[in-house]
Amino acid sequence: MGSFRLYSSSTFHVNAIAVLCVVGFWISQFRCTEGFDSLLQLPQYGSPTTPLRSKRVLSLCDFGAKGDGIHNDTKISGTITAPKDPKAWSGLNARKWLYFYEVNHLTIEGGGTINGMGHEWWSRSCKRNPKKPCRHAPTAITFHKCKNLKVKDLMLVDSQQMHMAFTNCIRVLASYLKLVAPGSSPNTDAVHISSSRSVEIKHSIFKTGDDCISIVGNSSRIMIRDISCGPGHGVSIGSLGKSKSWSNVHDVTVDGAFLFNTENGLRIKTWQGGSGFASKILFKNVLMENVSNPIIIDQYYCDSQTPCHNQTMAVKVKNISFIHIKGTSATEEAIQFTCSDDLPCEGLYLEDVQLQSCIGETTRSSCWEAYGSSFGLVDPPACFSVFDGFIKEPGISNSYSRVQSS
């Protein structure tokens, strides 16, 4: 059993915190008020008609929580376990499980395990079986509109969908995380960062079926340090620009990572038709082992069962650096820069990049509308075009189109 500790300021507001303890199912609604359980709509074991007013719904205040920003608010040992049957979410918000909303100055420390019981969800996913309808599944832990947040020493396994999401958050430090799901599990991003700034993720292990870390929306000042990723889809900026949306992701650093047996390594992916920027992004000190697409920028990303139509608008990709990237590629094409016809990638930079074949063959790089420079040993050699100082005006795109899985 592990212990979970919550520290918060007097401005702590939580819509619903769901925490399993060894004697019950939920510990919820941290504010010490009368009649709180009547406000809750939480999944539960057994029949969906079981009344919520039961021993499964408990108040942290009954266990000595103070909520004054000083005391250790929970000294409760246990493992947090989700309902096994997705029917338990019937009539409830299918996107949320543990949900923290508008929290300021919150510290969560763990040592135990949060089990999402995701196997039944994955078996019903349209990602596994296209004949099934696509439905939302819960994110294990969501932090929404949170400030000054610290999350440390948590283990999440088999989440139904994403393991941990930060949306519209400011000043986040997450460290010593272990987020685990099988490589075949769909949409199980380990950490998803959206429209947030000043976020640091460090000293963590990610084994999952989707991106180990995905950064989307309007996010900036993101630092990723000393992580292990594999299996999974690697570290991704994006996807950006879906459904003609605008995104601006900038000032992102990945410094220190080990990626192994992943579908991608360091990736930027954008949809045609979107707008905005992905800029000032630095990947450095990364070791790879048996990675299928070690370095990839794909502005023709298309996670669709049917081919995506060519469009002239694009999210601008510029000032992207890859420094001290070494290891082995599972494919011949170790470096891919496939950029927009009308808004080419600019300011790409490679330094001390050595990506060899896992099976002893020669690796190569490929470029499409990619402009940049390299320094020192770069193997496979860079394939950048010489920038002529002219940026194309939006016009009719050529017939180049790609369809790629997520």
Side-chain angles (χ1 to χ4, degrees), residues 122 127-128 179-192 205-215 224 227-240 254 256-271 278 281 283-305 307-308 317 320 322-339 345 348 350 353-368 370 378-383 400-406:
W122 307 333
K127 290 287 187 178
R128 280 196 173 177
L179 311 183
V180 179
S184 60
S185 58
N187 294 333
T188 52
D189 287 13
V191 175
H192 182 74
I205 296 173
F206 305 127
K207 300 180 179 182
T208 186
D210 211 304
D211 295 328
C212 290
I213 295 178
S214 59
I215 303 169
I224 312 298
I227 66 163
S228 172
C229 168
H233 291 189
V235 178
S236 293
I237 310 297
S239 60
L240 307 177
V254 177
F258 175 48
L259 282 71
F260 60 98
N261 301 330
T262 55
E263 184 175 308
N264 302 286
L266 309 172
R267 176 168 62 157
I268 299 174
K269 49 180 178 174
T270 72
W271 293 76
I281 297 168
F283 301 100
K284 69 176 183 178
N285 301 322
V286 178
L287 178 62
M288 300 189 187
E289 181 180 308
N290 192 38
V291 173
S292 294
N293 301 293
I295 293 176
I296 178 171
I297 296 177
D298 183 6
Q299 291 200 269
Y300 296 87
Y301 180 75
C302 180
D303 182 17
S304 173
Q305 297 299 319
C308 297
V317 176
I320 315 295
F322 302 86
I323 301 175
H324 308 313
I325 314 296
K326 300 181 181 181
T328 57
S329 174
T331 58
E332 179 184 356
E333 207 167 67
I335 300 175
Q336 302 176 50
F337 296 129
T338 309
C339 302
C345 298
L348 305 182
L350 299 173
V353 175
Q354 301 176 49
L355 295 169
Q356 300 177 346
S357 171
C358 290
I359 57 176
E361 296 183 350
T362 301
T363 56
R364 63 184 179 89
S365 60
S366 67
C367 293
W368 180 273
V378 174
D379 184 20
C383 54
Y400 188 93
S401 183
R402 303 209 322 161
V403 178
Q404 178 177 311
S405 62
S406 65

field: SG proximity flag C367/C339, limit 2.5 angstrom
entry: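 Not so, these two cysteines form no disulfide.
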
Main-chain N/O of [Y] paired to [X] side chain as donor or acceptor, under 3.5 Å:
X: H324; Y: V353; result: no
X: S357; Y: T362; result: no
X: S329; Y: T331; result: yes

- prompt: Do D298 and Q336 meet the criterion of a side-chain donor-acceptor pair at a distance under 3.5 Å?
  reply: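 Short answer, no.
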
message: List the residues meeting salt bridge (Lys or Arg N to Asp or Glu O under 4.0 Å) with K207, not counting sequence neighbours, and say none if there are none.
response: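 Per chain and number, K207 pairs via salt bridge (Lys or Arg N to Asp or Glu O under 4.0 Å) with no residue.
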
field: Set of salt bridge (Lys or Arg N to Asp or Glu O under 4.0 Å) partners for E332, sequence neighbours left out
entry: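 Once residues adjacent in sequence are excluded, the partners of E332 under the salt bridge (Lys or Arg N to Asp or Glu O under 4.0 Å) criterion are R364.
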
I'd like to check the side-chain hydrogen bond (donor to acceptor under 3.5 Å, both in side chains) partners of [X]; sequence neighbours left out, ordered by chain and number.
X: S184; answer: R128
X: N290; answer: N261
X: T363; answer: none
X: T208; answer: T188

query: Roughly how far apart are S292 OG and N264 CG, rounded to 0.5 Å?
result: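 The OG atom of S292 sits 7.5 Å away from the CG atom of N264.
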
message: Any carboxylate oxygen within less than 4.0 angstrom of a Lys/Arg side-chain nitrogen, looking at D210 and K127?
response: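 Here D210 does not pair with K127 in a salt bridge, since their nearest N and O are not under 4.0 Å apart.
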
Enclosure of Q354 CD (heavy-atom neighbours >12, cutoff 6.0 Å):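 Result for CD/Q354: enclosed.
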
